[in-house]
Protein chains: 2
Amino acid sequence: MRYRIGEVARLSDCKVETVRFYEQMGLLPVPARSSGNFRLYNESQLGQLRFIRHCRSLDIPLEDIRRLLVSQKHPEENCADINQLIDEQIDRVESRMQSLQQLRKQLVELRSQCSGKMPTSSCGILQGLSDCACHYPAER
Amino acid sequence: MRYRIGEVARLSDCKVETVRFYEQMGLLPVPARSSGNFRLYNESQLGQLRFIRHCRSLDIPLEDIRRLLVSQKHPEENCADINQLIDEQIDRVESRMQSLQQLRKQLVELRSQCSGKMPTSSCGILQGLSDCACHYPAER
DNA sequence: CTTGACTCTATAGTGGCTACAGGGATTCTA
DNA sequence: TAGAATCCCTGTAGCCACTATAGAGTCAAG
Ligand SMILES: [Zn+2]
Ligand SMILES: [Zn+2]
Ligand SMILES: [Zn+2]
Ligand SMILES: [Zn+2]
């Protein structure tokens, strides 16, 4: 069974342009072509596309996905790299969560500076943003 | 007192290129020039740059910063827009936090599928990524 | 035979910078 | 006063992971 690009896109929940983009990035093998020059995919290529999409839903960068695909093609090798790659991804996610936590605190604090309908000249939010004590050069 | 670009960059904790970039984006007024064609900034422009940098540290997008700067220039207007803008920013941050929470859970679950040094052919992580039950078309 | 849905390539845009390349201006030191 | 170091200039391209056009070709149904 062979699929055209619109079908693999639908079957992997992504856009046609994205499939072409992955091909261009070398994440998908160059597909066969129909007589009318349409891309034709088989089950295995669809599987690889779904693999990529699933990785992307975990926010794994394309470069790391490339490494995972290479690992997949070497079934005899040790999988330590894969575990490390996921560990690094978890680290990235956790550190982003931490900075968002910080950010939220600062935004809520800022938001509390204004009660509502004021002239902008006395809006506590604008003032809080202007009276910035942090964006000064590091003291020496 | 007039500053050259390197100095305002240092005094607002950003890079020279970033200052030029903000000018190009219309977030900073076109500065005066010295006889040798160097940009020259005054205190008020430095203040505006620090305002922008502080907004950016709160991850407020440049478009929203532009709106804040416009509001600042109309001191008699009502500040409701400003409050709403910050509320929206808080919403964005919170929803990002939520999806990262989800992400972390999925990654930790995936990570637990592999105990350590296996051949990649039997690595639970690779298998978990391949046996994807989610990247299928929405059922009808 | 026409319509409409699909596909093709190539190119540019998104956001928020960052990093050159290849020159000119200024300032410090010998 | 020469040379070196450090600044600054413009313009362009790169980053990431797509997304969105434009303008053309392919194919099946009615
Ligand atoms: Zn207000
Ligand atoms: Zn600040
Ligand atoms: Zn493993
Ligand atoms: Zn999936």
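Just so we're on the same page: letters track the sequence lines, and every chain starts at 1.
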What is the distance, rounded to the nearest whole Å, between atom [atom1] of [X] and atom [atom2] of [N]?
| X | N | atom1 | atom2 | result |
| --- | --- | --- | --- | --- |
| Arg4(B) | dC9(D) | CZ | C1' | 12 Å |
| Arg39(A) | dT26(D) | CZ | C1' | 14 Å |
| Ile60(A) | dC18(D) | CD1 | C1' | 17 Å |
| Arg56(A) | dT19(D) | CZ | C1' | 14 Å |
| Gln89(A) | dC16(D) | CD | C1' | 14 Å |
| Glu23(A) | dC18(D) | CD | P | 15 Å |
| Glu63(A) | dA17(D) | CD | P | 8 Å |
| Leu40(B) | dC8(D) | CG | C1' | 11 Å |

### Query
Do Arg96(B) and Asp59(B) meet the salt-bridge criterion of a basic N to acidic O distance under 4.0 Å?
no
Looking only at heavy atoms, which two atoms of [X] and [Y] are closest? And how far apart?
| X | Y | value |
| --- | --- | --- |
| Ile52(A) | Leu27(A) | CD1-O, 3.6 Å |
| Ser71(B) | Ile82(B) | CB-CD1, 3.8 Å |
| Pro75(B) | Pro119(A) | O-CB, 3.5 Å |
| Phe51(A) | Leu129(B) | CE1-CB, 3.5 Å |
| Ser12(B) | Val8(B) | OG-O, 2.8 Å |
| Met25(B) | Leu62(B) | CG-CD1, 4.5 Å |

So does [X] get a side-chain nitrogen or oxygen closer than 4.0 Å to the phosphate oxygens (OP1/OP2) of [N]?
| X | N | value |
| --- | --- | --- |
| Tyr22(A) | dC18(D) | yes |
| Thr18(A) | dT19(D) | yes |
| Lys15(A) | dA20(D) | yes |

### Message
Tell me which one of Glu23(B), Arg2(B), Arg4(B) satisfies side-chain contact (heavy atoms from CB on, under 4.5 Å) with Pro31(B).
### Response
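Of Glu23(B), Arg2(B), Arg4(B), side-chain contact (heavy atoms from CB on, under 4.5 Å) with Pro31(B) is met by Glu23(B) alone.
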### Query
Which listed nucleotide (dC18(D), dC7(D), dC27(D)) is nearest to the side chain of Phe38(A)?
dC27(D)
### Query
Mind checking what makes side-chain hydrogen bond (donor to acceptor under 3.5 Å, both in side chains) contact with Gln102(B), not counting sequence neighbours?
none
### Message
Pick the closest DNA chain D nucleotide for Arg20(A) and for Arg53(A) by heavy atoms, then say which residue is nearer the 5' end.
### Response
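Whichever sits nearer the 5' end wins; that is Arg53(A).
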#### Entry: Nucleotides bounding contact with chain B, strand DNA chain C, heavy-atom threshold 4.0 Å
dG16(C) to dT26(C)
### Query
To the nearest 10 degrees, what angle separates the axes at the start and end of the helix from dC1(C)-dG30(D) to dA30(C)-dT1(D), five pairs each?
20°
### Message
Among Arg56(B), Arg53(B), Glu17(B), Gln48(B), exactly one meets side chain to side chain donor-acceptor pair (under 3.5 Å) together with Tyr22(B). Which residue is that?
### Response
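With Tyr22(B) as partner, side chain to side chain donor-acceptor pair (under 3.5 Å) holds for just one option, Arg53(B).
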### Message
Applying a 4.0 Å non-hydrogen cut-off, can you work out what Ser34(B) is touching in the nucleic acid: base, sugar-phosphate, or nothing?
### Response
nothing
### Query
How do Asp59(B) and Ser35(B) order along DNA chain C: which one's closest nucleotide is nearer the 5' end?
Asp59(B)
